[in-house]
Amino acid sequence: MTGNMKLKICGMKYQDNITEVASLQPDYLGFIFHHQSARHFEGTIPQISDTIKKVGVFVDESIDFIKEMFEEHNLDCVQLHGHESPEFCKQLKKLCHSEFISESDDEMLKQVQHDNNVNVIKVFSIKDTFDFSVLEPYEEVCDYFLFDTKGKLPGGNGYTFNWSVLEQYPSTKPYFLSGGIGLDQVENLKQFQESNASKYCYAIDINSKFEIEPGFKNIKLLKEFKQNLSFRT
Ligand SMILES: O=C(O)c1ccccc1N[C@@H]1O[C@H](COP(=O)(O)O)[C@@H](O)[C@H]1O
């Protein structure tokens with residue numbers, strides 16, 4: 001079924017470009033906090049619509065660093081793109097904008113903190129096959145899975161994996177489809193959206209295929225992509 005997915009645009013770097021991309025109203029905007037990436041984000045995120053969720057992308061970082069970026073940039077989600085363990089995700093799930101949830105008996109306080117809690121997106125990289133049993137320990141400790149293409153870099157490799165692998169997806173957890181998605185994938189995406197493999201596909205994640213240079217997104221290409229595929233509002 002087309003038109004039932006959200007859109008995440010990742011790898012934002014430059015202030016004016018962030019504002020322009022935000023005006024296209026994606027559901028998620030991603031900022032990469034990984035020094036080795038050409039899309040590494042530093043500075044301040046300009047004011048953008050509250051309807052757009054801000055995602056921080058991290059690769060094997062410490063809880064303290066993630067917490068610092070989460071608070072500094074008022075992030076909504078953390079995308080874990082390294083070898084983070086289920087226990088690590090569990091620790092992060094407690095992260096919220098007031099502070100880590102305490103063992104408080106105050107139900108009202110717990111509720112407020114719950115509403116402010118971070119969404120944890122755990123990334124798994126796929127090439128031609130994937131052992132889905134690795135997802136099992138993460139089921140309870142993250143909100144979404146994200147499937148990216150396995151490559152030389154931790155992310156942003158710019159090519160797709162064999163999506164039919166997802167026909168064997170054993171979970172009901174919503175997932176983001178990522179890895180090398182560009183305008184040239186529109187027809188394949190439409191087919192994918194009609195297939196069983198996409199049953200739990202919650203969002204499409206795009207990055208390097210929409211760039212003039214790393215981190216600088218091409219507005220014209222993004223508009224064309226959005227027009228060609230209808231996304232859930
Ligand atoms: O893009 C990067 O430089 C990057 C670096 C470190 C971790 C993740 C990174 N990007 C993520 O990779 C996927 C797929 O990107 P692409 O479409 O293949 O370019 C995307 O989720 C980005 O968040």
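Whatever order the structure lists ligands and atoms in, that order sets their numbers, starting from 1. Because only heavy atoms are used, hydrogens play no part in the values below, and waters and symmetry mates are left out as well, while side chains stay in.
Smallest separation of non-hydrogen atoms from N157 and K152: OD1-N, 3.4 Å. Considering every non-hydrogen atom in both G155 and H81, the closest pair reads CA-NE2, 3.7 Å. The two residues S62 and F88 have their closest heavy-atom pair at C-CZ, 4.2 Å. The two residues I9 and M12 have their closest heavy-atom pair at CG2-SD, 4.0 Å.
Side-chain atoms of E167 and S195 form no donor-acceptor pair, as typed in the model, at a separation below 3.5 Å.
Nearest protein heavy-atom contact of atom 10 (N) of ligand 1 is G156 N, 3.4 Å. Scanning the protein for heavy atoms near atom 21 (O) of ligand 1, the closest one is D205 OD2, 2.4 Å. For atom 19 (O) of ligand 1, the nearest protein heavy atom (residue, atom name, distance) is S208 OG, 2.4 Å.
When only interatomic distances are considered, the shortest N/O to N/O separation between P154 and ligand 1 does not fall below 3.5 Å. Checked against a 3.5 angstrom limit, the closest N/O atoms of Y159 and ligand 1 fall outside it. Residue S37 has at least one N or O atom closer than 3.5 Å to an N or O atom of ligand 1. By the 3.5 Å distance cut-off applied to N or O atoms, G158 is counted among the residues near ligand 1.
Two rings, from Y169 and Y175, have their centers less than 6.0 Å apart. Ring centroid separation for the pair F132 and F130 comes in under the 6.0 Å cut-off. Checked against a 6.0 Å centroid threshold, the rings of F145 and F124 count as neighbours.
Residue contacts with ligand 1 include G180, since one or more of its heavy atoms lies under 4.0 Å from the ligand. Residue contact annotation: G179 has a non-hydrogen atom under 4.0 Å from ligand 1. The closest approach between any non-hydrogen atom of K8 and ligand 1 is below 4.0 Å. The closest approach between a heavy atom of R39 and any atom of ligand 1 is below 4.0 Å.
Those atoms of ligand 1 that come under 4.0 Å of a heavy atom in V59, given as number and element, are 6 (C), 7 (C). For ligand 1, the atoms lying closer than 4.0 Å to a non-hydrogen atom of S178 are 13 (C), 14 (C), 20 (C), 21 (O). In summary, the atoms of ligand 1 found under 4.0 Å from a heavy atom of D148, numbered by their order in the structure, are 12 (O), 13 (C), 14 (C). Those atoms of ligand 1 that come under 4.0 Å of a heavy atom in Q79, given as number and element, are 21 (O), 23 (O).
Between H73 and F41, the ring planes lie perpendicular to each other; the angle is over 60°, past the 30° to 60° tilted range.
When each of L166, D205, D148 is paired with L177, the side-chain contact (heavy atoms from CB on, under 4.5 Å) condition holds for L166 and for no other.
The part of N157 lying near ligand 1 is the backbone, judged by heavy-atom distances below 4.0 Å. The proximity of I206 to ligand 1, defined as any non-hydrogen pair under 4.0 Å, does not occur for either the backbone or the side chain. At a heavy-atom distance under 4.0 Å, no atom of K209 approaches ligand 1. Only the side chain of C10 comes within 4.0 Å of ligand 1, counting heavy atoms alone; its backbone N, CA, C and O stay farther away.
Contact of the K223 side chain with the L24 side chain is registered, since non-hydrogen atoms from C-beta on lie closer than 4.5 Å.
The backbone N or O of C201 sits nowhere less than 3.5 Å from a side-chain atom of S198 that would complete a donor-acceptor pair.
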